[in-house]
Amino acid sequence: MLRLTAPGATSAPTLTQALIPARSWLLQAALVLLGSVVVALCAQVTIPIQPVPITGSTFGVLVVGTTFGSRRGALALLAYLAEGLGGLPVFQGGNNAWSLTRSGEPYILGSTLGFLVGFVLAAFVVGWLVEHWALDRTVWSMAALMLVGNVALYVPGLIWLWMWLPVHGLPTPVLQAGLIPFIPGDLAKLLLAALVVPAAWQLAPPGASAE
């Protein structure tokens, strides 16, 4: 069976590795930057509910992690956070890390901090699973991959929210504030990714998806 990865590397190529073999640091950096831009654009698709808005960010995070792989996916999300910390309006609603929230605190310390941390973790996890198990090749395995990625994203998000809500005098249960309202949208994004990413593999050169 054809192996496209270098000796000692992981066994399955990601979609971007199959479509754009990045052989220079410059191209690698450009791809990382592209991933951060994709997430920033997805973040602007927003339903501004409180205390945590519904956005397209999770879709962007999981697709970037899946198609870029563990290291480049995580680096893209770290770049995204760095852009926000640098004052660029990359977070939902055109916010940067220092924009003030309704409660008067910097955005980076607001209700979504745990989810921002979860972005990096989720991108790494789904990328690692693709590199080792090629779970992005079929609709059902891609759907399962997105589910695992959502879990990796929500765990730190809900932990932070559980600590943040009482400090701000909000009696809302943590699951009601940070999980239940998001389930319908996450299922829709899961289905979209499960259809789009395996279909995109049809554009890869013959044999590119082989381990």
Side-chain angles (χ1 to χ4, degrees), residues 35-36 38-70 73-81 84 90-93 95 97 101 103 105 107-133 135-136 140-168 170-197:
S36 72
V38 168
V39 175
L41 291 175
C42 289
Q44 306 315 311
V45 181
T46 304
I47 300 176
I49 64 173
Q50 296 296 326
V52 180
I54 297 173
T55 76
S57 301
T58 55
F59 177 80
V61 168
L62 297 178
V63 169
V64 166
T66 298
T67 57
F68 281 52
S70 58
L75 284 173
L77 269 298
L78 287 172
Y80 171 70
L81 297 183
V90 294
F91 300 144
Q92 64 86 21
N95 290 296
T101 65
S103 55
E105 63 194 350
Y107 184 91
I108 194 64
L109 298 179
S111 60
T112 60
L113 173 59
F115 292 99
L116 294 174
V117 173
F119 285 177
V120 181
L121 175 62
F124 180 87
V125 167
V126 296
W128 188 91
L129 290 172
V130 167
E131 291 164 347
H132 288 79
W133 299 97
L135 296 180
D136 60 337
W140 289 110
S141 63
M142 183 66 190
L145 181 67
M146 293 295 97
L147 184 59
V148 172
N150 271 290
V151 171
L153 192 155
Y154 273 102
V155 167
L158 292 176
I159 290 173
W160 172 257
L161 197 57
W162 174 71
M163 296 185 292
W164 184 89
L165 288 169
V167 171
H168 292 78
L170 298 175
T172 310
V174 66
L175 294 182
Q176 182 61 48
L179 176 63
I180 294 173
F182 301 88
I183 292 175
D186 285 341
L187 289 175
K189 287 179 278 188
L190 182 152
L191 177 61
L192 179 60
L195 294 173
V196 170
V197 175

- Heavy atoms only: give me the nearest I49-P181 pair and the separation to one decimal. CD1-CB, 4.1 Å
- From CG (L187) to CE (M146), nearest 0.5 Å: 13.0 Å
- Query: Listed by chain and number, what are the side chain to side chain contact (heavy atoms under 4.5 Å, CB included) partners of A123, not counting sequence neighbours?
  - Reply: V61, L77
- Query: Shortest non-hydrogen contact from V52 to S111?
  - Reply: CG2-OG, 3.9 Å
- Closest heavy-atom pair, A152 versus A122, reported as atoms and distance to 0.1 Å, is CB-CA, 4.0 Å
- Rounded to the nearest 0.5 angstrom, the CD1-CZ distance for I47 and F182 is 9.5 Å
- Is there a side-chain contact between P53 and T112, using heavy atoms and a 4.5 Å cut-off? yes
- Apply side chain to side chain contact (heavy atoms under 4.5 Å, CB included) to V148 and V126, showing your working. CA-CA 7 Å; V148 172; V126 296; 5.6 Å; no
- Output for pair (N95 CG, Q44 CD), nearest 0.5 Å, gives 8.5 Å
- Item | Pairs flagged by side chain to side chain donor-acceptor pair (under 3.5 Å) wherever residues 174-196 is involved - sequence neighbours left out | T58-K189, Y154-D186, D186-K189
- Query: How far does OG1 of T46 sit from CD of Q92, to the nearest 0.5 angstrom?
  - Reply: 5.0 Å
- Item | Closest approach of A43 to Y80 (non-hydrogen atoms, all atoms of both residues) | CB-OH, 3.6 Å
- Message: Under the criterion side chain to side chain contact (heavy atoms under 4.5 Å, CB included), I'd like the reasoning laid out for F59 against V45: C-alpha separation, chi angles, the key distance, then a yes or no.
- Response: CA-CA 11 Å; F59 177 80; V45 181; over 6 Å; no
- Task: Could you walk me through whether L78 and F119 pass side chain to side chain contact (heavy atoms under 4.5 Å, CB included), step by step?
- Result: CA-CA 9 Å; L78 287 172; F119 285 177; over 6 Å; no
- Task: Please lay out, stage by stage, how V38 and V63 fare under the test side chain to side chain contact (heavy atoms under 4.5 Å, CB included).
- Result: CA-CA 9 Å; V38 168; V63 169; over 6 Å; no
Can you list, pair by pair, the side-chain donor-acceptor contacts under 3.5 Å of residues 160-167, counting residues two or more places apart and other chains?
residue	atom	partner	partner atom	Å
W160	NE1	G110	O	2.8
W164	NE1	E105	OE2	2.9
W164	NE1	H168	ND1	3.4
W164	NE1	H168	NE2	3.4

- From L190 atom CG to L145 atom CG, the distance as rounded to the nearest 0.5 Å: 9.0 Å
- Note on the structure: V197 and M142 have their tightest heavy-atom pair at CG2-CE, 3.5 Å
- Task: Compare every heavy atom of G35 with every heavy atom of V64, then report the nearest pair and how far apart it is.
- Result: CG2-O, 3.8 Å
- S36 versus V90: any side-chain heavy-atom pair under 4.5 Å? no
- Query: Any side-chain heavy-atom pair from L81 and L116 closer than 4.5 angstrom?
  - Reply: yes
- What's the spacing between F124 CZ and L129 CG if we round to 0.5 Å? 9.5 Å
